[in-house]
There are 2 protein chains.
Amino acid sequence: MEDVAELAGVSAMTVSRVLNAPEKVRPETRARVLAAVRELDYRPNSAARVLVTGRSGVLGVVCFDTTLYGPASTLFGIEQAARDSDYLVSIASLPALNRTWITRGIDRLRSQSVDGVIVVAPHESAAEGLRHLPPGLPAVDVGGGTDLPVPVAAVDQYAGAARATRHLLSLGHRTVWHLSGPPNWIDASGRVAGWRSVLEAEGREVPEPLVGDWTAHSGYEIGKRLAREPDVTAIFVANDHMAMGVLRALREAGRRVPEDVSVVGFDDVPEAAYFWPPLTTVRQNFGEVGRQAFQLLLDRIFGVDGEARRMVEPELVVRESTGVSP
Amino acid sequence: MEDVAELAGVSAMTVSRVLNAPEKVRPETRARVLAAVRELDYRPNSAARVLVTGRSGVLGVVCFDTTLYGPASTLFGIEQAARDSDYLVSIASLPALNRTWITRGIDRLRSQSVDGVIVVAPHESAAEGLRHLPPGLPAVDVGGGTDLPVPVAAVDQYAGAARATRHLLSLGHRTVWHLSGPPNWIDASGRVAGWRSVLEAEGREVPEPLVGDWTAHSGYEIGKRLAREPDVTAIFVANDHMAMGVLRALREAGRRVPEDVSVVGFDDVPEAAYFWPPLTTVRQNFGEVGRQAFQLLLDRIFGVDGEARRMVEPELVVRESTGVSP
DNA sequence: GGAAGGCCTGTTAGCGATACCATGAGCTGG
DNA sequence: CCAGCTCATGGTATCGCTAACAGGCCTTCC
């Protein structure tokens with residue numbers, strides 16, 4: 001920086017100002033400084049800046065498994081929004097979902113002076129971790145449960161599940177079975193609740209939900225059990241991958257979809273339209289959730305007390321697994 | 001830090017030593033310092049440390065679309081390896097794959113004083129970007145092409161494609177058609193080359209490869225064309241998602257898999273075993289690639305001149321799409 | 001018994017930037 | 001014509017840490 005200052009015939013202070021508050025420098029001087037900056041390919045040292053300002057321009061994301069479609073897409077949305085605002089994203093993935101690891105992940109990020117943290121771990125343990133947040137650290141939760149001490153951005157799982165369930169009932173089914181995600185996952189319980197509420201409101205029988213682990217494998221195994229029950233004519237599956245396993249199990253058991261059984265998934269992964277049959281599902285705009293989470297965090301960082309909860313509406317996408325289309 | 005030193009009755013220098021080179025401090029003193037650290041919940045300021053040491057403990061990953069299964073899994077592998085070595089990972093995703101954006105992504109990371117950079121952009125433009133790397137910045141490429149000026153970790157696409165092709169020929173097919181990924185993608189061209197080499201070595205006709213864009217949609221559209229050709233009895237598809245589209249197109253055209261047409265994919269996404277029929281495919285261990293890339297980077301950071309290329313062997317996974325299993 | 005050497009700890013300086021206050025030039029208005 | 005203001009710039013201290021050297025004490029060995 002000293003060199004740039006010398007080359008431009010000004011002081012280091014002026015160089016700093018050109019870079020941080022250009023309007024406070026005479027245009028002519030500014031131009032000279034910028035020329036020197038380019039000439040020397042000068043790049044400010046962020047560590048020094050952090051040291052004195054306390055701002056790093058980096059935000060941290062704590063997440064569990066970024067190979068899953070949902071988290072990966074959310075992360076991507078966060079990253080895009082961050083890039084547009086000149087923030088950098090550091091990630092801390094967790095080997096397991098519990099309070100200890102979440103706290104450790106946050107600490108790891110904090111030790112790098114991140115300006116804020118977004119927690120993408122839609123799991124009950126995240127709530128515990130967030131309750132014991134270091135004070136003064138701006139944080140936002142994605143997908144989170146109720147009563148969190150931080151702002152939340154999420155897809156309205158409850159509404160999505162309700163929509164899916166109503167759709168199935170509207171096709172004339174007596175009731176709707178549910179294959180849920182693992183307990184303790186916020187998304188999973190939200191979908192169970194939405195599904196149950198519709199059945200209860202309509203006075204239908206509420207079958208005991210079956211529990212999978214989000215994988216196609218678990219969908220297949222549980223699907224085989226469901227396929228044996230002639231009563232089962234409509235299944236709401238908590239994600240598309242499990243739904244894929246269910247579809248295969250039904251087919252192998254000789255039960256036709258949608259003629260004998262209707263199936264609805266959740267997520268709308270890009271491949272869902274190419275399942276066999278194409279899957280009716282609930283589309284979640286993960287990218288939007290990520291962007292909203294970033295906005296919330298930005299508000300917190302700058303001390304704006306905006307809304308504490310941003311809900312993204314899911315959308316029912318009807319395909320052939322719940323009715324024969326042309 | 002001053003406070004910790006005072007509480008422990010030592011100088012700041014000793015506190016620093018306890019944290020960075022514990023063996024140079026008498027155990028008794030060390031214990032006193034550590035107690036003080038805990039008592040005050042002291043956390044070293046990484047910015048200050050970076051400023052003086054030049055090491056940040058952060059590595060950067062430049063990537064394109066982290067919602068795709070491959071890049072997401074690789075990133076995950078890198079992150080896990082980094083965590084085990086107490087590194088943090090910052091990501092810079094690119095809005096487009098070309099030299100300008102790659103350079104910009106690297107610059108963005110560099111401005112945060114990352115210790116090194118891993119580029120996960122298996123695209124020709126990455127090569128250009130890597131050739132104009134700022135000198136002195138340790139860098140590693142994932143999946144990269146030939147003649148790169150940096151170490152490379154990758155799955156041996158050529159070998160994988162060759163294996164898939166030989167497998168199809170071994171089933172008695174006259175030749176094998178290929179649905180490739182987008183040109184300019186290194187993975188795509190490696191798979192084309194492996195496929196072509198086997199056909200040529202066996203003296204088979206080499207059909208013009210068809211070009212998709214990795215999506216199930218493109219697989220479906222191109223699959224419809226292939227389904228109309230009675231000649232086509234064996235298809236090697238460059239990834240599993242496109243293969244899914246192909247399977248659906250074949251089925252809709254009344255061509256049975258594997259009785260009429262055999263299909264092989266690439267990747268072995270977790271759902272591949274639940275496609276209809278279950279997909280024979282080439283498993284890539286993305287996580288391992290990520291770990292290897294991290295190791296290579298670590299070597300570069302510490303000036304170890306190890307191997308410049310780490311190849312991970314892919315594995316053919318035979319399922320029903322190329323033969324009826326029980 | 002005293003010089004040499006090893007171990008542990010402390011002192012000083014500086015990493016590269018910005019916050020804060022000071023300064024001087026130029027303008028305005030009574 | 002000068003007080004009093006604004007505007008552009010500069011000087012200095014400081015953020016929290018560690019590299020490099022310095023020094024005190026205790027051992028070791030002739």
Side-chain angles (χ1 to χ4, degrees), chain A residues 1-37 40-58 86 88 107 109-115 134 136-137 301, chain B residues 1-37 40-58 86 88 107 109-115 134 136-137 302:
Chain A
M1 185 158 107
E2 210 71 33
D3 302 345
V4 173
E6 194 170 349
L7 179 58
V10 298
S11 75
M13 197 54 239
T14 301
V15 176
S16 171
R17 260 189 287 260
V18 168
L19 269 44
N20 295 298
E23 76 284 357
K24 292 192 174 177
V25 175
R26 200 150 25 110
E28 172 193 352
T29 316
R30 192 191 310 161
R32 262 200 346 270
V33 170
L34 288 175
V37 164
L40 299 177
D41 190 29
Y42 162 76
R43 356 189 93 265
N45 179 317
S46 71
R49 177 180 290 171
V50 174
L51 194 55
V52 59
T53 62
R55 287 251 156 85
S56 65
V58 178
D86 279 319
L88 210 57
D107 276 354
L109 292 168
R110 194 159 60 120
S111 77
Q112 292 291 338
S113 324
V114 296
D115 291 342
L137 179 69
I301 290 174
Chain B
M1 184 158 105
E2 211 70 33
D3 302 345
V4 174
E6 193 171 351
L7 180 58
V10 296
S11 76
M13 195 58 236
T14 301
V15 176
S16 170
R17 262 190 285 260
V18 168
L19 268 41
N20 296 299
E23 76 283 357
K24 293 192 173 176
V25 175
R26 198 151 25 111
E28 175 192 348
T29 316
R30 191 191 313 160
R32 258 198 351 265
V33 170
L34 288 175
V37 164
L40 300 178
D41 189 31
Y42 162 75
R43 357 190 96 264
N45 178 319
S46 71
R49 177 180 289 170
V50 175
L51 194 55
V52 60
T53 62
R55 288 250 154 86
S56 64
V58 178
D86 279 319
L88 210 57
D107 276 354
L109 292 168
R110 196 159 58 119
S111 78
Q112 293 291 337
S113 325
V114 296
D115 291 343
L137 178 69
F302 291 115

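Note that this is a predicted model, so its numbers are computed, not measured.
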**Request:** For B/Arg32 and C/dC8, give me the distance from atom CZ to atom C1', rounded to whole Å.
**Result:** 12 Å

**Prompt:** Rounded to the nearest Å, what distance is computed from the CD atom of residue B/Glu23 to the C1' atom of nucleotide C/dG6?
**Reply:** 16 Å

**Request:** Taking all heavy atoms of A/Ser56 and all of A/Asp115, pick out the closest pair and write down the distance.
**Result:** N-OD1, 2.8 Å

**Item:** Backbone N/O of B/Ser111 and side chain of A/Ser46: donor-acceptor pair under 3.5 Å
**Value:** yes

**Asked** Between A/Ala12 and B/Thr53, who's closer to the 5' end of DNA chain D by nearest nucleotide?
**Response** A/Ala12

**Prompt:** Side chains of A/Met13 and A/Arg17: does their closest heavy-atom pair fall under 4.5 Å?
**Reply:** yes

**Five-pair end axes of the helix from C/dG1-D/dC30 to C/dG30-D/dC1 and the angle they enclose, rounded to 10°** = 40°

**Item:** Criterion side chain to side chain contact (heavy atoms under 4.5 Å, CB included) on B/Asn45 and B/Met1, from CA distance to verdict
**Value:** CA-CA 9 Å; B/Asn45 178 319; B/Met1 184 158 105; over 6 Å; no

**Prompt:** With a non-hydrogen cut-off below 4.0 angstrom, is B/Thr29 in contact with a base, only sugar-phosphate, or nothing?
**Reply:** sugar-phosphate

**Message:** What I'd like to find out is whether the side chain of B/Asp107 reaches to under 4.5 Å of the side chain of A/Arg43, using heavy atoms alone.
**Reply:** yes

**Message:** I want to check something: taking the side chain as every heavy atom from C-beta on, are B/Val10 and B/Arg32 in contact at a cut-off of under 4.5 Å?
**Reply:** yes

**Request:** Looking only at non-hydrogen atoms, find the nearest pair between B/Arg49 and B/Pro44 and report the distance.
**Result:** NH2-CB, 3.8 Å

**Prompt:** Rounded to the Å, how far apart are B/Glu2 CD and C/dG10 C1'?
**Reply:** 12 Å

**Request:** Return the value, rounded to whole Å, for the distance between atom CZ of B/Arg17 and atom P of C/dT11.
**Result:** 11 Å

**Asked** For the residue pair A/Leu40 and A/Leu7, what are the closest heavy atoms and their distance?
**Response** CG-CD2, 4.0 Å

**Prompt:** Between which nucleotides of DNA chain D, 5' to 3', does chain A make heavy-atom contacts below 4.0 Å?
**Reply:** D/dA8 to D/dG16

**Item:** Integer-rounded Å distance: C/dT18 C1' and A/Asn45 CG
**Value:** 13 Å

**Item:** Integer-rounded Å distance: C/dG16 C1' and A/Glu6 CD
**Value:** 16 Å

**Message:** In whole Å, I'd like the distance from the CG atom of A/Leu40 to the P atom of C/dG16.
**Reply:** 14 Å

**Message:** From C-beta outward on A/Met1, which listed nucleotide comes closest to its side chain: C/dT18, C/dT9, C/dG16?
**Reply:** C/dT18

**Request:** Let me know the distance between CG of B/Leu51 and C1' of C/dA17, rounded to the nearest Å.
**Result:** 8 Å

**Request:** Using atom types as modelled and distance alone, determine if a side-chain donor or acceptor of B/Arg30 lies under 3.5 Å from a backbone N or O of B/Val18.
**Result:** no

**Fill in**
From the candidates C/dC8, C/dC15, C/dA17, the one with an atom nearest any side-chain atom of B/Arg26 is C/dC8

**Request:** Name the nucleic acid region contacted by A/Val50, choosing base, sugar-phosphate or nothing; use a 4.0 angstrom heavy-atom cut-off, strictly under.
**Result:** nothing

**Request:** Give the nucleotide from the list C/dC15, C/dG10, C/dA17 with an atom nearest to the side chain of B/Met13.
**Result:** C/dG10

